[in-house]
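The block underneath contains the structure these notes are about, expressed in structure tokens.
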Amino acid sequence: MTPNEKTIATFETRMRQMILRFQELKKENNDLYAQIEEDEKQMETLRQQLDQKQKDYETLKMARMISITDGDLQSAKDRLAKLIREVNKCIGILSDENE
């Protein structure tokens, strides 16, 4: 084998190695892009879930505030009813004294 033939054979071998390496890198690149796309979809799903959870939390906060208000309202009604009963007793006692 002449030196030129050796050089050409070495060149061909290295070219094949480079082509194989290129194909490996191309496949790895495609896999990485696919992984990125999958991760982005997952992030979007998680963002939507987070938004929904935040809305649910706000709704629960509002419901809690309303229930506290209703409880306070009922408590106020009970106190007012008690005061009215006491006033009625006083009126009854005063009426009995005037007779």
Side-chain angles (χ1 to χ4, degrees):
M1 198 179 242
T2 67
N4 285 340
E5 290 174 344
K6 271 186 170 179
T7 304
I8 291 174
T10 304
F11 179 75
E12 286 177 354
T13 304
R14 289 192 179 158
M15 277 303 278
R16 284 190 202 106
Q17 289 173 346
M18 284 178 51
I19 290 170
L20 290 174
R21 181 68 179 143
F22 171 77
Q23 289 171 345
E24 290 172 5
L25 290 173
K26 189 174 178 181
K27 182 184 180 316
E28 182 181 350
N29 192 29
N30 289 336
D31 291 346
L32 289 172
Y33 274 114
Q35 182 66 42
I36 289 171
E37 187 175 327
E38 184 180 323
D39 290 348
E40 285 176 349
K41 287 179 184 177
Q42 185 179 12
M43 283 190 331
E44 183 59 31
T45 301
L46 291 172
R47 278 189 195 111
Q48 290 173 354
Q49 288 176 356
L50 177 62
D51 289 343
Q52 184 61 44
K53 298 294 182 195
Q54 287 174 335
K55 288 176 186 175
D56 292 346
Y57 175 71
E58 291 299 320
T59 302
L60 286 173
K61 275 188 359 186
M62 184 64 70
R64 178 73 178 142
M65 288 184 346
I66 290 171
S67 70
I68 289 172
T69 303
D70 288 345
D72 290 345
L73 182 62
Q74 185 60 41
S75 175
K77 284 181 181 179
D78 292 343
R79 282 184 277 148
L80 186 58
K82 183 178 176 184
L83 288 172
I84 291 172
R85 284 193 300 272
E86 289 180 17
V87 168
N88 285 338
K89 284 181 188 178
C90 291
I91 292 173
I93 291 171
L94 289 173
S95 294
D96 288 342
E97 286 180 3
N98 287 338
E99 292 178 0

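Counting begins at 1 with the first residue of the sequence.
Residues satisfying the salt bridge (Lys or Arg N to Asp or Glu O under 4.0 Å) test with Lys61, not counting sequence neighbours, are Glu58. By the side-chain contact (heavy atoms from CB on, under 4.5 Å) test, Gln48 is found to be paired with Glu44, residues two or more places apart in sequence or in another chain being considered. For Asp51, there are no side chain to side chain donor-acceptor pair (under 3.5 Å) partners at least two apart in sequence or on another chain. Scored by the side-chain contact (heavy atoms from CB on, under 4.5 Å) test, Lys27 finds Asp31 as partners (sequence neighbours excluded). Among residues two or more places apart in sequence or in another chain, the side chain to side chain donor-acceptor pair (under 3.5 Å) test is passed with Lys55 by none. For the side-chain contact (heavy atoms from CB on, under 4.5 Å) test, no residue two or more places apart in sequence or in another chain qualifies with Leu60. For Leu50, the side-chain contact (heavy atoms from CB on, under 4.5 Å) criterion is met by Gln54, not counting sequence neighbours. Residues passing the salt bridge (Lys or Arg N to Asp or Glu O under 4.0 Å) test with Glu24, sequence neighbours excluded: Arg21.
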Donor-acceptor pairs are to be reported for all side-chain atoms of residues 33-40 against protein atoms at under 3.5 Å, with residues two or more places apart or in another chain.
unit_1 : atom_1 : unit_2 : atom_2 : d
Gln35  : NE2    : Asp39  : OD1    : 2.9

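Among residues at least two apart or in separate chains, side chain to side chain donor-acceptor pair (under 3.5 Å) pairs with a member in residues 76-91 are Gln74-Asp78. Sequence neighbours left out, not one pair with a member in residues 2-19 passes side chain to side chain donor-acceptor pair (under 3.5 Å).
Residue Ile19 shares its hydrophobic cluster (ILVMFWY side chains chained together at separations under 4.5 Å) with no other residue.
Interatomic distance, Met18 CE to Phe11 CZ, rounded to the nearest 0.5 Å: 8.0 Å.
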Item to complete: Test side-chain contact (heavy atoms from CB on, under 4.5 Å) on Glu28 and Leu25 and set out the steps.
Response: CA-CA 5 Å; Glu28 182 181 350; Leu25 290 173; 3.9 Å; yes
